> 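I am attaching a structure below and will ask some questions about it afterwards.
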Amino acid sequence: MKLESWEFDVLRIYNPLRLGHLQFWFDFLWNKIADIPGDVVEAGVFQGKSLLAAGYVLNQVAPDKTLFGYDTFSGFPPVSVPEDDLSRFDDLASEGRISPDYLTRVQKNLAHLRYLKNIEKLDFSTVSSSGSFEETSKESIESLANYMGLSNISLIAGPFEETMTDTASGPDTIAAAILDCDLYGSYLTSLDYIWPRLSPGGIIYLDEYYSLKFPGARIAVDEFFEGTTAKLEGVTDEFNGFERWIVSKPSN
Ligand SMILES: C[S@@+](CC[C@H](N)C(=O)[O-])C[C@H]1O[C@@H](n2cnc3c(N)ncnc32)[C@H](O)[C@@H]1O
């Protein structure tokens, strides 16, 4: 079904017809994805707000592509590593890996959240406004996809460590992927799976490379690509002026 702008709001999914925080990702889907071989991956789906919008766009511009959505669909896996601790933002700043302005924004964001939540101390599971992302289900997203007439979405449930393996069924070739999975280990696992399958000219959108809540994603990305020829680049965001980052695989 074709949707008008207001209908995305009613259905409570990201509006790919309007300027928003995923501007670069949706511009890429609208304008470039059809020319790049392979399917599309979203690592970190939660309630499917961005996934269903991406499925809607792909259905129009590249209906032969499948959109694979990976998540536990029951919240963060129960792992906690030092790289995800908020104190790692201070380390990143003292190592010169994030700017003083970035650190100031992290601190302001925490102060605002502390004020709003009226609590003294935040741990990383409460820094996200959606907690640990338990409030979702694979069935509810499949139902909405069906209602929207989208048959190009494949949801793969489980921790990435089990679903993103060479023996698991999934895409052989990937044209583009969005990582929106917040955590150090989740970034490493998904990069390890996606990068070797990414077509030349393809991109990975790194939602948390500039995050005010999750330091581990940047640490993982830097570790993963160190010493490689992968091209990590900041891209324009007219929405709120934040840095947005992608990594691309050079065309041959
Ligand atoms: C920020 S939310 C995704 C938001 C979503 N893209 C949207 O548009 O609303 C992060 C999601 O990543 C998932 N996630 C993080 N690490 C994971 C892992 N190792 N395995 C499976 N799911 C994971 C969480 O369950 C959570 O639903």
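Heavy atoms only: backbone and side chains are in, while hydrogens, waters and symmetry mates are out. Along the sequence shown, the residues carry numbers beginning at 1. Remember, predicted model here, so these are calculated numbers, not experimental data. Atoms within a ligand are numbered from 1 in the order they appear, just like the ligands themselves.
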> Distance to 0.1 Å, residue and atom name: give those for the protein heavy atom nearest to atom 15 (C) of ligand 1.
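Atom 15 (C) of ligand 1 sits closest to the protein heavy atom Cys181 O, 3.4 Å.
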> Below 3.5 angstrom, do we get any N/O pair linking Glu42 and ligand 1?
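Between Glu42 and ligand 1 (N or O atoms, distance only) the closest approach is under 3.5 Å.
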> Looking only at protein heavy atoms, which one is nearest to atom 22 (N) of ligand 1, and how far off is it?
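The answer is Thr72 N, 3.3 Å.
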> Check each atom of ligand 1 against the heavy atoms of Phe133 and keep those under 4.0 Å away; list them by number with element.
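Every atom of ligand 1 under 4.0 Å from some heavy atom of Phe133: 1 (C), 2 (S), 26 (C), 27 (O).
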> Are Ser154 and Phe68 side-chain neighbours, meaning at least one heavy-atom pair lies under 4.5 Å?
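Answer yes - side chains close enough.
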> Does even one non-hydrogen atom of Ala43 get within less than 4.0 Å of ligand 1?
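For ligand 1, residue contact (heavy atoms, under 4.0 Å) with Ala43 is absent.
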> Within ligand 1, which atoms have a heavy atom of Phe76 less than 4.0 Å away?
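Heavy-atom distances to Phe76 below 4.0 Å select 15 (C), 24 (C), 25 (O).
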> Would Phe26 and Tyr14 count as a ring pair (Phe, Tyr, Trp, His ring centres under 6.0 Å) here? Give the steps.
CA-CA 10 Å; Phe26 281 95; Tyr14 185 90; 4.8 Å; yes
> Set out, in order, the CA-CA distance, both residues' side-chain angles and the distance that settles side chain to side chain donor-acceptor pair (under 3.5 Å) for Tyr184 and Asp85, then state yes or no.
CA-CA 10 Å; Tyr184 172 80; Asp85 194 286; over 6 Å; no
> Distance under 4.0 Å to a non-hydrogen atom of Glu161: what atoms of ligand 1 satisfy this?
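Those qualifying, in numeric order: 19 (N).
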> For Pro159, take its heavy atoms, then give the atoms of ligand 1 lying under 4.0 Å from any of them.
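Reading through ligand 1 atom by atom, the close ones are 20 (N), 21 (C).
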> If hydrophobic clusters are built by linking Ile, Leu, Val, Met, Phe, Trp and Tyr wherever their side-chain heavy atoms come under 4.5 Å apart, do Met1 and Leu144 end up in the same one?
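Linked within one cluster.
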> Angle between ring planes, Phe76 versus Phe133, binned at 30° and 60°: parallel, tilted or perpendicular?
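Phe76 vs Phe133 ring planes: perpendicular.
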> Which bit of Asp182 is near ligand 1, meaning a heavy atom under 4.0 Å away: side chain, backbone, both or neither?
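Answer for Asp182: side chain.
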> For atom 16 (N) of ligand 1, what is the closest protein heavy atom, and at what distance to 0.1 Å?
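Looking only at protein heavy atoms, the one closest to atom 16 (N) of ligand 1 is Ser186 OG, 2.7 Å.
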> Would one find an N or O of Glu208, backbone or side chain, under 3.5 Å from an N or O of ligand 1?
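N/O-N/O distance under 3.5 Å: no.
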> Can you check side-chain contact (heavy atoms from CB on, under 4.5 Å) on Phe24 and Asp27, steps first, answer last?
CA-CA 5 Å; Phe24 184 91; Asp27 280 353; 5.7 Å; no
> Quick test: of every protein heavy atom, which one is nearest to atom 8 (O) of ligand 1, and how far off is it to 0.1 Å?
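Here the closest protein heavy atom is Ser50 OG, 2.6 Å.
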> Could you tell me if Ser99 and Asp101 have a donor-acceptor pair between their side chains, going purely by distance under 3.5 Å?
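No donor-acceptor contact under 3.5 Å links the two side chains.
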> For atom 20 (N) of ligand 1, tell me which residue out of Phe160, Tyr70, Phe214 has the closest non-hydrogen atom.
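Minimum heavy-atom distance to atom 20 (N) of ligand 1 goes to Phe160.
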> For the side chain to side chain contact (heavy atoms under 4.5 Å, CB included) test, which of Asp180, Leu179, Thr163 pairs with Ser190?
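With Ser190 as partner, Asp180, Leu179, Thr163 yield a single side chain to side chain contact (heavy atoms under 4.5 Å, CB included), made by Leu179.
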> Mind running side-chain contact (heavy atoms from CB on, under 4.5 Å) on Glu83 and Tyr187 for me, showing each step along the way?
CA-CA 11 Å; Glu83 284 80 1; Tyr187 261 72; over 6 Å; no
> Would one find more than 12 heavy atoms of other residues, nucleotides or ligands at under 6.0 Å from atom CD of Glu226?
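No, not enclosed.
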> Distance to 0.1 Å, residue and atom name: give those for the protein heavy atom nearest to atom 5 (C) of ligand 1.
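Result for atom 5 (C) of ligand 1: Val45 O, 3.3 Å.
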> Would you tell me which option among Ile178, Leu179, Thr189, Asp71 has the nearest heavy-atom contact to atom 27 (O) of ligand 1?
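Minimum heavy-atom distance to atom 27 (O) of ligand 1 goes to Asp71.
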> Which atoms form the tightest heavy-atom contact between Leu155 and Glu142, and what is the distance?
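For Leu155 versus Glu142, the nearest heavy atoms are CD1-CG, 3.7 Å.
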> Would you say the side chain of Arg218 lies within less than 4.5 Å of the side chain of Arg88, judging by non-hydrogen atoms?
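Not touching, per the 4.5 Å side-chain cut-off.
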> Does any N or O atom in Asp180 lie less than 3.5 angstrom from one in ligand 1, N or O only?
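Yes: some nitrogen or oxygen of Asp180 is under 3.5 Å from one in ligand 1.
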> Backbone or side chain, does any N or O of Gln47 fall under 3.5 Å from an N or O of ligand 1?
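In this structure, Gln47 places no N or O atom under 3.5 Å from an N or O of ligand 1.
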> How far is atom 12 (O) of ligand 1 from the closest protein heavy atom, and which atom is that?
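Scanning the protein heavy atoms, the shortest distance from atom 12 (O) of ligand 1 goes to Gly44 CA, 3.4 Å.
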> Looking at atom 9 (O) of ligand 1, what's its closest protein heavy atom, distance included?
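For atom 9 (O) of ligand 1, the nearest protein heavy atom comes out as Lys49 CB, 3.8 Å.
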